[in-house]
Amino acid sequence: MAGILGPRAIFWAFIVLATGMIYRTYLHTFISLTLGIGREIQPIEDFPWTCTRVRHPLLEGCEDLWLDEQDRKLYAACSSLESRKGWSPAGSLYNISARSRTDHIAVINVDQPGSDGLYGLRQLKVGGYQDDLDLHGFDVRKIEGRLRFWLINHRPPVDHVTGEFLDARVVGANSTVEIFDLDETSDTLEHVKTVASEAILTPNGVAVEEDGLGFVITNDHNTKTGTFRDLELLSGGGSLAYCRSDTGKCHIAADKGFSMANGIAHDKNGYYYVTNSASGLITVHKLVNNELIQVESINTGYPMDNLWLDADGNLIAAAFPDSIALVKSSMDPYNIVAPATVLMINDIAKQLKTYGKNVKVSKLAEDRDAKSLPSTTVAVHDAKGHKLFLAGIFSPFITICEQRL
Ligand SMILES: *[C@@H]1O[C@H](CO)[C@@H](O)[C@H](O)[C@H]1NC(C)=O
Ligand SMILES: *[C@@H]1O[C@H](CO)[C@@H](O)[C@H](O)[C@H]1NC(C)=O
């Protein structure tokens with residue numbers, strides 16, 4: 001046979017084979033994942049939740065949420081939709097002058113809707129930090145009665161000699177992690193320190209270890225900018241950086257097998273759970289010799305964003321059942337809401353031990369007709385209060401759901 005095929009034919013045979021393989025491994029996954037071929041999207045009425053939208057300028061563009069289950073408060077990292085549409089480095093949007101410079105942490109009292117239905121909504125003040133914040137994912141730990149916040153901050157890049165902005169389309173954002181403390185009685189976040197590192201490249205999510213020192217960030221891409229950056233949706237990309245809050249040092253602790261590493265959660269047994277938006281996988285990692293080795297990989301079949309580990313050990317993922325609607329919603333967020341799915345893996349630690357990657361993934365909520373949930377990038381389950389909180393980076397409102405018992 002070999003004698004019949006000239007070099008040209010072998011070349012073409014190779015191309016056909018290669019594209020076929022690329023189709024099978026990447027495009028096929030990507031297309032069926034984003035279009036949701038064969039995916040049944042259920043209406044919100046199929047689920048036992050009564051949901052209310054809470055709309056306010058302080059609750060716009062909230063990419064991430066954190067629930068203080070004991071003190072019954074919900075914290076949200078919010079912006080303005082104008083800002084999100086111009087300055088979202090994760091989505092390759094680099095218009096520095098579009099920033100509204102209003103990014104903030106909003107707080108509500110989750111059990112007290114009040115007569116205005118705004119749940120005591122307020123914005124935390126910021127102390128000891130002069131610049132603007134450009135928020136994305138965040139995590140919080142309770143340490144000696146205070147709350148300590150780790151906030152991803154997509155600073156615009158600045159020329160350190162002239163003080164002028166650099167062209168962010170060329171150099172990308174100067175992303176850092178900002179550590180702040182919040183005293184129980186105070187409404188002011190006091191700046192503790194900035195963690196800046198080359199390993200904090202394109203941060204998206206952050207998860208802090210039990211001791212409040214170690215933390216891991218997801219990098220959603222391999223590069224800050226560049227022609228091929230968006231192709232990482234198909235080819236895969238992303239990494240995990242492990243940092244220490246005390247020394248401020250970080251290193252890349254895993255950089256293989258990611259496909260837009262996005263949301264991250266950490267449990268008491270030392271496992272990290274990471275969503276891969278472009279492959280529908282939740283990868284499970286453990287820190288061994290300063291590397292975050294992958295110990296399991298769970299296929300959910302959905303593009304996903306942030307993760308939340310609730311008080312009962314259930315892992316909750318905000319998922320996108322209809323990516324095209326999501327893109328439309330991001331372009332016209334005041335008028336278009338995308339359907340949302342909230343996935344749940346019950347007692348993930350126990351299920352992983354028993355079933356490995358074949359854990360059972362179920363739906364905690366879904367909103368086919370976009371009636372009550374936002375275009376959701378984060379869902380937080382309040383196991384104790386039987387509530388669900390949802391927000392979105394391109395949503396003008398958040399949603400609070402109460403379980404019908
Ligand atoms: C950047 O944002 C500013 C302010 O919103 C706007 O006037 C300008 O047209 C935008 N530039 C680009 C290139 O989109
Ligand atoms: C990035 O931020 C760090 C921390 O503030 C600062 O030291 C550094 O000069 C900044 N770099 C650029 C390019 O903006």
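No hydrogens, no waters, no symmetry mates; every other heavy atom, side chains included, goes into these values. When a ligand or atom number is given, it counts from 1 through the structure's own listing order.
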How close does the nearest protein non-hydrogen atom get to [atom], and which residue and atom is it?
atom: atom 13 (C) of ligand 2; result: Val158 O, 3.5 Å
atom: atom 14 (O) of ligand 1; result: Asn95 ND2, 3.4 Å
atom: atom 2 (O) of ligand 2; result: Asn174 ND2, 2.3 Å

Atom indices of ligand 2, in the order listed, that fall short of 4.0 Å to a heavy atom of Pro157: 14 (O)
Atom 5 (O) of ligand 2 touched by protein (heavy atom, under 4.0 Å): yes
Test item: protein heavy atom less than 4.0 Å from atom 9 (O) of ligand 2: no
Passing candidate, side-chain contact (heavy atoms from CB on, under 4.5 Å) with Asn153, options Asp131, Asp132, Leu133: Leu133
Among Asp322, Val337, Val327, side-chain contact (heavy atoms from CB on, under 4.5 Å) partner for Ser375: Val337
Distance alone, cut at 3.5 Å: any donor-acceptor contact between the side chains of [X] and [Y]?
X: Ser372; Y: Trp49; answer: no
X: Glu296; Y: Tyr273; answer: no
X: Asn95; Y: Ser97; answer: yes
X: Glu178; Y: His191; answer: yes

Evaluation steps, side chain to side chain contact (heavy atoms under 4.5 Å, CB included), between Ile252 and Asn219: CA-CA 9 Å; Ile252 297 292; Asn219 286 310; 3.8 Å; yes
For ligand 2, which is the ligand I care about here, please tell me if [X] has any N or O atom under 3.5 Å from one of the ligand's N or O atoms.
X: Thr194; answer: no
X: Arg155; answer: yes
X: Pro156; answer: no

Non-hydrogen atom of Gly86 closer than 4.0 Å to ligand 1: no
